[in-house]
Structures are given as structure tokens and as C-alpha cells.
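The structure appears below as C-alpha cells.
Small disclaimer: the values here were computed from a predicted structure and weren't measured. In what follows, every chain begins at residue 1, and chains take the letters A, B, ... in the order their sequences are listed.
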There are 2 protein chains.
Amino acid sequence: MHSIAVHSEEVFQALADETRLRIVRLMVVEAHERACLCELVDSLLEPSYKLSRHLAILRRAGLLASHKEGRWVYHRLVTKPAYLKQLYATVKALPDPRKIYRADLKRFHDRMRLREDGRCQVGIQSDAFRSETG
Amino acid sequence: MHSIAVHSEEVFQALADETRLRIVRLMVVEAHERACLCELVDSLLEPSYKLSRHLAILRRAGLLASHKEGRWVYHRLVTKPAYLKQLYATVKALPDPRKIYRADLKRFHDRMRLREDGRCQVGIQSDAFRSETG
DNA sequence: TGCATAGTTGCACTATAGTGCAACTGTTAA
DNA sequence: TTAACAGTTGCACTATAGTGCAACTATGCA
């Protein structure tokens, strides 16, 4: 379901984009919780087509594994080979001067409360999350 | 002499290029040894104008500090803020399937033996290093 | 003083990355 | 069986990154 990057720089390339870094930071802080696209859309407040493309890039770089479950596709951070854990530790250690990740994480928590039996049950709720958190 | 990246992804962007990753890997393996441009030219076997540009990018990203000494400019990895050390640990942990860093490092060692009193004394010797190591 | 050389940079060129729109696939539930 | 919706993707567009050449600056030494 995922491939190992042949060139090491691809791993850094994968994180060299604000949107992708937001995705990874969200998932790394949450102890490698899985998330589906609509949950990410509501957390980052970005259009689904945009996040879908960035998720594909992360997947191709070997950082993300995805699997379909009904009409939802769940994404999870890959932790092998071992240097990926080291990479996530770096991501975790990054500063957050503009409080972007803090805000993303708050929305993510709120959104995850809508789950039932650990599964996503609702679709995109962006409008609600947008008005709720400014 | 160096600035802190405002956006976290700039740090990863800095390493998202093979040449820059080769530079950083060389310097990180050598316990943060300093190196001048001509020593890097002989180690990586890349033209000086190319490396000079990549060094400038690393400097702007806050990973490298440079200072002039006579006609040589010495470069050294920056280790603050703390998450940079974490980043270097990741770089150190990367695999080297194509043995590129291994070869770079060998030439770097050979080249560093030409120093006197810890200073570079000779200019670009690429031809010698090229023929020596294939 | 003038030449050799360590290092930098302007310019032109090419390749690739990120974006938005809109059309598309696939799955669930009425 | 069909409507709604989670998710993906082709297309056109724009911006930016990396490269090579050649000209440039700055320093040390004959």
C-alpha cells in the first residue's frame, strides 16, 4: 500500500509544503491516529480536492498508508523504516509561531468527537467548523 | 550571520534537493566540521557556482553559518534552535542505497588531509579527486 | 601593480510543483 | 434504481526552483 522513497530527498520534499506539513503535524501529534479526508477537510479548512492531492503525494513518498472502508478512505502515518519515526520526532519538535497547528488540532479534536465506534459517520461539515472557530 | 526560518516547511524545503542533502550529510557525519567551498567542490565533484548557490539557500534557511577567512569562506552547520539537532539526527539516520554519501565522505576525508593547522591551503583539486575515486 | 584564484551572481532557459474548476468514479441508503 | 456524497483526477494556468554560462568581486602573492 506504500512505497519506499528511492531518493532520500523525497522524504523532505514531501514535508516541504505548508499544507502537507499541517496534515502530518496533525496526525503525528495524535499518536498516529487515522483520519479520513472529510475529517481533514474540516480540520484544515481546505478544499477536498486540494487535500486529496497532497495526501497522494505523502502516500507516494512513503509517509502515509491509506485504505478504503465503505465510502471513507482512512489515512495513517507509516512508521517504517525506522528513520521515519526520527522524522516525525523532528516534526513534533517544530515551533508554531503563528499558532496554525494549534488551531488545526483544536478543530481536529472537535471533529473527532463526531465519530461513532471509532469510525467517521458524517461528511464535510466545514461551514460549522469555520464559523465555530473563526 | 543566519536567520531563523519563519515557516517550518522552509527547513524541509532546504533539504529537499539532492545536492543540498549531500552537503548536509557530509557535514553532519563529520560532527559539524567546517568546510570551505573548494573542499566541498572536491568532495561532491560539482561545479563551484552550483554549490555556492546551494550553500546560500541553506544559509537563508538557517541551517548554515558562513564566515570569511582570507580568501576562503568556511561553512558550518547551525545547531540552534534545538529542533535542528533533531533534524540532523534524521539526516544521519537516512539510508544510502546508492552509496553516494559514502563516496562523498571518502573524498571529503581525503581532501581534509590537505589542510594545515586546520585551514584550507589549496584550491580546487577536482581533477585529482575525480581520477582517484572514479 | 598585476595576476591567479576563491567565491558570487545576473541572465536565459527548462522543468516541475501547486492551484482551482469541473468532471469523473464508487459506494451507501432511500 | 437513483440521488447524495466521499473522494479522485484531467486540464489549464501560474509561480518558482535548479541549471549552465559567463561576467563579476575580493583577496593574497609574485
Side-chain angles (χ1 to χ4, degrees), chain A residues 1 7 9-23 34-61 64-75 111 114-116 119-127, chain B residues 1 7 9-10 12-23 34-61 64-75 111 114-116 119-128:
Chain A
M1 199 76 183
H7 302 288
E9 67 270 18
E10 288 175 18
V11 172
F12 296 111
Q13 181 63 56
L15 297 179
D17 173 274
E18 182 175 12
T19 305
R20 291 196 294 272
L21 195 53
R22 285 171 74 193
I23 294 171
R34 65 182 195 163
C36 64
L37 180 63
C38 58
E39 290 170 334
L40 292 172
V41 167
D42 286 348
S43 302
L44 305 189
L45 300 178
E46 296 283 351
S48 62
Y49 62 79
K50 184 176 170 178
L51 294 186
S52 179
R53 281 221 173 82
H54 284 299
L55 289 169
I57 292 170
L58 288 170
R59 207 180 311 128
R60 262 176 265 136
L64 215 65
S66 312
H67 83 275
K68 196 163 183 170
E69 213 170 282
R71 51 175 154 176
W72 283 277
V73 177
Y74 289 96
H75 307 275
R111 176 60 219 250
L114 300 184
R115 282 198 178 185
E116 289 169 36
R119 290 197 202 83
C120 179
Q121 300 291 340
V122 298
I124 295 170
Q125 310 285 323
S126 286
D127 291 339
Chain B
M1 199 75 184
H7 302 288
E9 66 271 18
E10 289 175 18
F12 295 110
Q13 181 63 55
L15 297 178
D17 173 275
E18 182 175 11
T19 306
R20 291 196 294 272
L21 195 52
R22 285 171 73 194
I23 294 171
R34 65 182 195 162
C36 64
L37 180 63
C38 57
E39 290 170 333
L40 292 172
V41 167
D42 287 348
S43 302
L44 305 189
L45 300 177
E46 295 284 352
S48 62
Y49 63 80
K50 184 176 171 180
L51 294 186
S52 180
R53 280 223 174 79
H54 284 299
L55 289 169
I57 291 170
L58 288 170
R59 207 181 310 128
R60 260 177 267 136
L64 216 63
S66 313
H67 83 275
K68 196 164 186 173
E69 212 170 285
R71 50 176 153 176
W72 283 277
V73 178
Y74 289 96
H75 307 275
R111 176 57 219 252
L114 300 183
R115 282 199 177 184
E116 290 170 35
R119 288 196 203 84
C120 178
Q121 299 290 340
V122 298
I124 296 170
Q125 311 284 323
S126 287
D127 291 341

Phosphate OP1/OP2 of D:dA17 contacted by B:His54 side-chain N/O (<4.0 Å): no
d(CH2, A:Trp72; P, C:dT27) in whole Å: 13 Å
Donor-acceptor contact present, side-chain B:Arg20 to main-chain B:His54, <3.5 Å: no
Touch class at under 4.0 angstrom, heavy-atom based, for B:Cys36 against every strand present: sugar-phosphate
C:dG20 OP1/OP2 closer than 4.0 Å to side-chain N/O of A:Tyr49: yes
Length of the CG-C1' vector between A:Leu15 and C:dA17, whole Å: 15 Å
Phosphate OP1/OP2 of C:dG7: any B:Lys68 side-chain N/O under 4.0 Å: no
Short side-chain N/O contact to C:dA29 OP1/OP2 from A:Arg71, under 4.0 Å: no
Atom-to-atom span, CG of A:Leu55 to P of D:dT8 - whole angstrom: 7 Å
Rounded distance (Å) that lies between atom P of D:dC5 and atom CG of A:Asp42: 14 Å
Under 3.5 Å: donor-acceptor pair, side chain of A:Ser43, backbone of A:Glu39: yes
Per A:Gln13 side chain, nearest of listed nucleotides D:dG7, C:dG18, C:dT19: C:dG18
CZ/B:Arg119: more than 12 non-hydrogen atoms of other groups inside 6.0 Å: no
Nearest listed nucleotide, side chain of B:Arg59, among D:dG18, D:dG7, C:dT8: C:dT8
Nearest-0.5 Å distance that lies between atom CG in B:Leu21 and atom CD in A:Gln13: 11.5 Å
Options D:dA26, D:dG20, C:dC21, nucleotide nearest the side-chain atoms of A:Arg53: C:dC21
Between C:dG7 (P) and B:Leu44 (CG): distance, integer Å: 13 Å
Position toward the 5' end of DNA chain D (nearest nucleotide), A:Tyr74 or B:Ala16: A:Tyr74
Protein-nucleotide distance (A:Ile57, atom CD1; D:dT8, atom C1'), rounded to Å: 13 Å
Rounded interatomic separation in angstrom, taking CZ from B:Arg20 and P from D:dT19: 8 Å
Donor-acceptor contact present, side-chain A:Glu116 to main-chain A:Leu114, <3.5 Å: no
Nearest-angstrom distance from the residue atom CG of B:Leu64 to P of C:dG7: 13 Å
